[in-house]
Amino acid sequence: MRWAALFDDMELQFSAALQAASEEETASLYRSEQGRLALTARLAGQGNSDVTVRVAGGQDFVGRISHVGSEWLVMRSGARSVLIPLAAVQVVQGLSRAVGAAPTRVHARLGLASALRTLSRDRQSVSVYAGSADSRYDGVLDRIGRDFLELALVPTGEERRSTNVLGVLTMPFSAVSAVVTLV
């Protein structure tokens, strides 16, 4: 009888040790998976949730994330779209626990310049934020280089015509906090 109790006790200890090892392995796997998670995947998983994105300079943009690229995200806020370089993001508030798919190879190759070229091609009126809310420039994107943009300053509501251009600004991408469409 004594031997049976001893073997039962050893079996319970072995079972408990296996359970603890399994739980530790699961926790370790979870931490490992979380360590490989990219911000772009977290942002892509937000779907219909409103989030607040604070950018360099302290401006907050509230809306739903509609697109995520390797270097940028686009938010819809009412009738306007906000293109935010990931390098300008300081804080994102309101993320759900959801995780989206990582950008495809095609999306991964579409950097900030590609997104800006789309706005430039469409000759869409934009506001470009560069740091603080006081550094907001309205106009039309004229030229998009590898690491800079040129913005033709045009009065709000006016189309880009040579007679309406008040000046042209050249700005490195690193200075851009957000580009807001003025639809």
Side-chain angles (χ1 to χ4, degrees), residues 32-133 135-154 156 160 168-183:
S32 177
E33 285 294 317
Q34 294 302 304
R36 286 193 287 270
L37 189 60
L39 177 61
T40 54
R42 286 286 286 130
L43 296 171
Q46 298 316 300
N48 293 326
S49 302
D50 278 344
V51 297
T52 301
V53 177
R54 175 163 290 172
V55 298
Q59 298 95 346
D60 289 338
F61 294 98
V62 179
R64 294 186 175 167
I65 297 172
S66 60
H67 297 87
V68 178
S70 62
E71 299 175 349
W72 50 269
L73 68 93
V74 174
M75 297 176 67
R76 298 286 300 160
S77 181
R80 69 182 189 165
S81 292
V82 183
L83 172 69
I84 301 174
L86 291 180
V89 173
Q90 291 184 330
V91 176
V92 181
Q93 184 176 359
L95 293 180
S96 70
R97 301 288 294 165
V99 176
T104 63
R105 285 186 187 186
V106 172
H107 279 104
R109 294 184 71 191
L110 298 177
L112 182 59
S114 296
L116 291 169
R117 280 189 192 103
T118 299
L119 293 174
S120 175
R121 179 195 67 218
D122 294 344
R123 309 303 286 166
Q124 193 159 9
S125 294
V126 298
S127 288
V128 177
Y129 289 82
S132 69
S135 297
R136 176 185 140 188
Y137 305 97
D138 297 335
V140 175
L141 295 169
D142 260 358
R143 179 182 296 166
I144 308 300
R146 182 170 38 121
D147 58 355
F148 72 95
L149 63 83
E150 289 184 358
L151 180 73
L153 300 174
V154 178
T156 304
R160 199 244 184 262
V168 177
L169 296 178
T170 301
M171 187 180 306
F173 289 164
S174 61
V176 176
S177 299
V179 179
V180 180
T181 60
L182 304 175
V183 178

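Keep in mind that the numbers below use all heavy atoms, side chains included, and drop hydrogens, waters and symmetry copies. Just so it is clear, the structure is predicted and the values come from calculations on it, not from any experiment.
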Over all atoms of both residues, closest heavy-atom pair of [X] and [Y]:
| X | Y | answer |
| --- | --- | --- |
| Ala178 | Val82 | CB-CG1, 4.2 Å |
| Tyr137 | Ala130 | CE1-CB, 4.3 Å |
| Ser70 | Gly111 | OG-CA, 4.3 Å |
| Ala113 | Ile144 | O-CG2, 3.7 Å |

Are [X] and [Y] packed together at the side-chain level, in the sense that at least one heavy-atom pair is separated by less than 4.5 angstrom?
| X | Y | value |
| --- | --- | --- |
| Val51 | Met75 | yes |
| Asp60 | Val91 | no |
| Val176 | Met171 | yes |
| Ile84 | Phe61 | yes |
| Leu73 | Thr40 | no |
| Leu86 | Glu71 | no |

Calculate, to the nearest 0.5 Å, the distance between atoms [atom1] and [atom2] belonging to [X] and [Y] respectively.
| X | Y | atom1 | atom2 | value |
| --- | --- | --- | --- | --- |
| Leu83 | Thr181 | CG | OG1 | 9.5 Å |
| Gln124 | Leu141 | CD | CG | 9.0 Å |
| Leu95 | Leu43 | CG | CG | 6.0 Å |
| Leu112 | Arg117 | CG | CZ | 9.5 Å |
| Leu151 | Asp142 | CG | CG | 7.5 Å |
| Thr170 | Arg143 | OG1 | CZ | 8.0 Å |

Considering residues, nucleotides and ligands other than Arg123, do more than 12 of their heavy atoms fall under 6.0 Å from its CZ? yes
Any side-chain to backbone donor/acceptor pair from Thr52 onto Gln93? Under 3.5 Å, distance only. no
Given 3.5 Å as the limit, does a donor-acceptor pair link the side chain of Ser177 with the main chain of Ala56, or not?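 Yes.
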Quick one: list whatever passes ring-ring contact (aromatic ring centres under 6.0 Å, His included) with Phe173, sequence neighbours left out.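 With sequence neighbours excluded, Phe173 shows a ring-ring contact (aromatic ring centres under 6.0 Å, His included) to no residue whatsoever.
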We want to know whether Arg136 and Ser127 form a side-chain donor-acceptor pair, criterion being a heavy-atom distance below 3.5 angstrom.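 A pair is found: one side chain offers a donor N or O, the other an acceptor, under 3.5 Å apart.
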side-chain contact (heavy atoms from CB on, under 4.5 Å) between Leu149 and Leu169, worked out: CA-CA 8 Å; Leu149 63 83; Leu169 296 178; over 6 Å; no
